[in-house]
There are 2 protein chains.
Amino acid sequence: MSQSPGQDLGGGPSTSALVLVIEDETAIRRFLHAGLESEGYRSVEATTGQEGISQAATCSPDVILLDLGLPDMDGLTVVRRIREWSQTPIVVLTAREQESDKVQALDSGADDYVTKPFSMPELLARMRVVLRHRARVESETETVIVRGTLRIDLARRRVTVEGATVTLTPLEYRLLATLARHAGRVLTHKVLLQEVWGPSYTSQHHYLRVYMAQLRIKLEVDPGRPRLLMTETGVGYRLVEEAEG
Amino acid sequence: MSQSPGQDLGGGPSTSALVLVIEDETAIRRFLHAGLESEGYRSVEATTGQEGISQAATCSPDVILLDLGLPDMDGLTVVRRIREWSQTPIVVLTAREQESDKVQALDSGADDYVTKPFSMPELLARMRVVLRHRARVESETETVIVRGTLRIDLARRRVTVEGATVTLTPLEYRLLATLARHAGRVLTHKVLLQEVWGPSYTSQHHYLRVYMAQLRIKLEVDPGRPRLLMTETGVGYRLVEEAEG
DNA sequence: CGACGGTATCAAGATTCCATCAAGAGCCTC
DNA sequence: GAGGCTCTTGATGGAATCTTGATACCGTCG
């Protein structure tokens, strides 16, 4: 069952998986680099969260190894930022062994959590797991969604209406981004609450109402008659599939 | 990004995820059962590998928790046997912390590996990870049923007649979706009521009549002479197998 | 023909769900 | 600590949906 990084799904000549390593400590970075190389993976490195996020966008890696303890920004934020537009598997790599850290990272969108000191064989095995998931679902979500005058750029985290930038609060943006990532489909109240607020808020339907209203005020031409953010009574909400006339 | 025990696109009254627990030690089984129940998961239990494998086949769980140290057979074998025909996520649960065990289990097809003593919150978080993978796969599988001018897109929860979207109430949709999932077959009153309204409504035949009439008004060309939603007098209802001329 | 079991249709409460306004709490900046 | 922004929470009216009862239909059988 074990699967080599050089797995070739009928593509080009040498398609070894590309690993993005986001890690500030040089020693560990070298260690990882050596281990990955010996298994035939190609790797790209970043030493800050900012750099990591932009690398994730530009070099479209097959898997991301992320140290939570970066100097410039919170690791969880890095996970969430990447998840806003990318489904690339993320394996978190950290010295923190606290249960709450693990839960938070996993709920933020990480696919696995390995605590230092970790063993390279185990890390590699866990990478194979997330890679074989990915092999099954090779889907690239588009990063720019346009619906009429509304434009959502998930990678740049920018929302414009008729060309003018709309400033959204963090929660407003997350809600909109979640809907945008699944544009055209209904997302249930529960799913939305869980993705935007977290697993323990699944019954706070009220939050959704307030924030959907807020988004409509900022995005819709006539907030009373939404044409973009539709409500599916008793089920949830939906961002329209196509711009309508 | 996390996924709750109950993602529900109108599939039924209360669809919480089903967890198969394969564990021989009673104490741990109880502990797991309690933890799962408090999060709203339903669970099924097996105490041997054999039993576990057959349960995995019969009750089609959403995720499997598997103890590697079963009395009757090797845990790895259980993983492999299940993987021969099923993609259901498997989280391995064991006292063995040896690196080689982990690697073997993961490479055999397990999706995660948690060592005892484990914390329930962490286990639940890891379950959410594998469940949301699964949810993504499922939501991207297109299931579209076409009968003449009627088109039912189960993934998008969208119904159109001659291209025009028909707005259905939650109950209307659930009823239609249930019929559509078993298209061609007769569903008895009892089954329909149970799937759509819940187990305690199996005698409310009246509801069915009202809602079938409603669906026919919205979907049929001539509601008085149904060509799609057929009545099987004394038995139940049926969505026609093929579009008829 | 008339009764009967099962079915279809209609419409009016009852209930649930949704949009909106607004005030208070928490947090960060200055 | 003042001010601004954001998030949480409560209250309210209104819309959509569900439930329920009354009534008409339709074929079968006595």
Side-chain angles (χ1 to χ4, degrees), chain A residues 73-74 77 80 159 165-176 178-179 186-190 192-193 195-198 200-238, chain B residues 8 10 12-14 157 159 165-177 179 186-190 192-193 195-198 200-238:
Chain A
M73 58 195 291
D74 179 31
T77 310
R80 280 196 276 263
V159 178
T165 301
V166 178
T167 48
L168 298 177
T169 73
L171 276 179
E172 285 165 6
Y173 179 80
R174 275 207 263 169
L175 180 54
L176 179 63
T178 306
L179 288 162
V186 184
L187 294 186
T188 62
H189 301 126
K190 207 168 178 178
L192 282 170
L193 284 163
E195 300 224 353
V196 176
W197 276 267
S200 49
Y201 291 75
T202 51
S203 53
Q204 307 288 329
H205 289 205
H206 194 63
Y207 291 9
L208 268 182
R209 302 214 179 95
V210 174
Y211 274 83
M212 286 302 300
Q214 208 60 31
L215 276 178
R216 282 170 175 158
I217 290 172
K218 293 189 177 182
L219 305 179
E220 296 274 3
V221 179
D222 179 359
R225 267 179 242 275
R227 321 200 93 193
L228 302 166
L229 299 166
M230 313 304 285
T231 126
E232 301 274 342
T233 306
V235 184
Y237 294 90
R238 173 172 61 88
Chain B
D8 185 354
S14 67
R157 197 188 185 276
V159 178
T165 300
V166 178
T167 48
L168 298 178
T169 73
L171 277 179
E172 285 164 5
Y173 179 80
R174 273 194 238 163
L175 180 55
L176 178 63
L179 288 163
V186 183
L187 296 185
T188 64
H189 300 128
K190 196 173 170 182
L192 282 171
L193 285 162
E195 292 279 312
V196 177
W197 276 266
S200 49
Y201 291 75
T202 50
S203 53
Q204 307 287 332
H205 290 205
H206 191 60
Y207 290 8
L208 269 182
R209 304 219 174 90
V210 173
Y211 276 84
M212 286 302 299
Q214 207 59 31
L215 276 179
R216 283 169 174 157
I217 289 171
K218 292 189 177 182
L219 305 180
E220 297 275 3
V221 179
D222 179 359
R225 268 175 236 278
R227 322 198 89 189
L228 302 166
L229 299 165
M230 313 306 284
T231 300
E232 300 281 340
T233 305
V235 185
Y237 294 90
R238 171 174 64 88

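Proteins get letters first, then strands, A, B, ... in listed order; numbering begins at 1 in each. All heavy atoms count here, side chains included; hydrogens, waters and symmetry mates do not.
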Nearest 0.5 Å please: distance from the [atom1] atom of [X] over to the [atom2] atom of [Y].
| X | Y | atom1 | atom2 | value |
| --- | --- | --- | --- | --- |
| Arg216(A) | Thr231(A) | CZ | OG1 | 6.0 Å |
| Arg174(B) | Leu168(B) | CZ | CG | 12.5 Å |
| Leu193(A) | Leu175(A) | CG | CG | 9.0 Å |

Just by distance, do the side chain of Glu220(A) and the backbone of Arg225(A) share a donor-acceptor pair under 3.5 Å?
-> no
Can you identify which nucleotide, out of [options], has its nearest atom closest to the [X] side chain?
| X | options | value |
| --- | --- | --- |
| Ala213(B) | dT7(C), dT9(C), dA16(D) | dT9(C) |
| Thr231(B) | dT19(D), dT7(C), dC18(C) | dT7(C) |
| Arg216(A) | dA8(C), dC10(C), dA19(C) | dA19(C) |
| Pro170(A) | dT7(C), dC7(D), dT19(D) | dC7(D) |
| His206(B) | dG21(D), dT17(D), dT7(C) | dG21(D) |

Would you say [N] has OP1 or OP2 under 4.0 Å from some side-chain N or O of [X]?
| X | N | answer |
| --- | --- | --- |
| Tyr211(A) | dC7(D) | yes |
| Thr169(B) | dC18(D) | yes |
| Tyr237(A) | dA19(C) | yes |
| Trp197(B) | dC18(D) | no |
| Arg209(B) | dT7(C) | yes |

Atom pair distance, as rounded to whole Å: [atom1] in [X] and [atom2] in [N]:
| X | N | atom1 | atom2 | value |
| --- | --- | --- | --- | --- |
| Met212(A) | dC17(C) | CE | C1' | 15 Å |
| Leu208(B) | dT9(C) | CG | P | 14 Å |
| Gln214(A) | dC5(D) | CD | C1' | 12 Å |
| Met230(B) | dT7(C) | CE | C1' | 14 Å |
| Tyr207(A) | dA19(C) | OH | C1' | 18 Å |
| Glu232(A) | dA16(D) | CD | P | 13 Å |
| Arg174(A) | dC7(D) | CZ | P | 9 Å |
| Tyr173(B) | dC18(D) | OH | P | 14 Å |

Would you mind telling me which of Leu187(A), Leu179(A), Val186(A), Leu229(A) makes a side-chain contact (heavy atoms from CB on, under 4.5 Å) with Tyr237(A)?
-> Leu179(A)
Scan His205(B) against the nucleic acid and name what it touches under 4.0 Å (heavy atoms): base, sugar-phosphate only, or nothing.
-> nothing
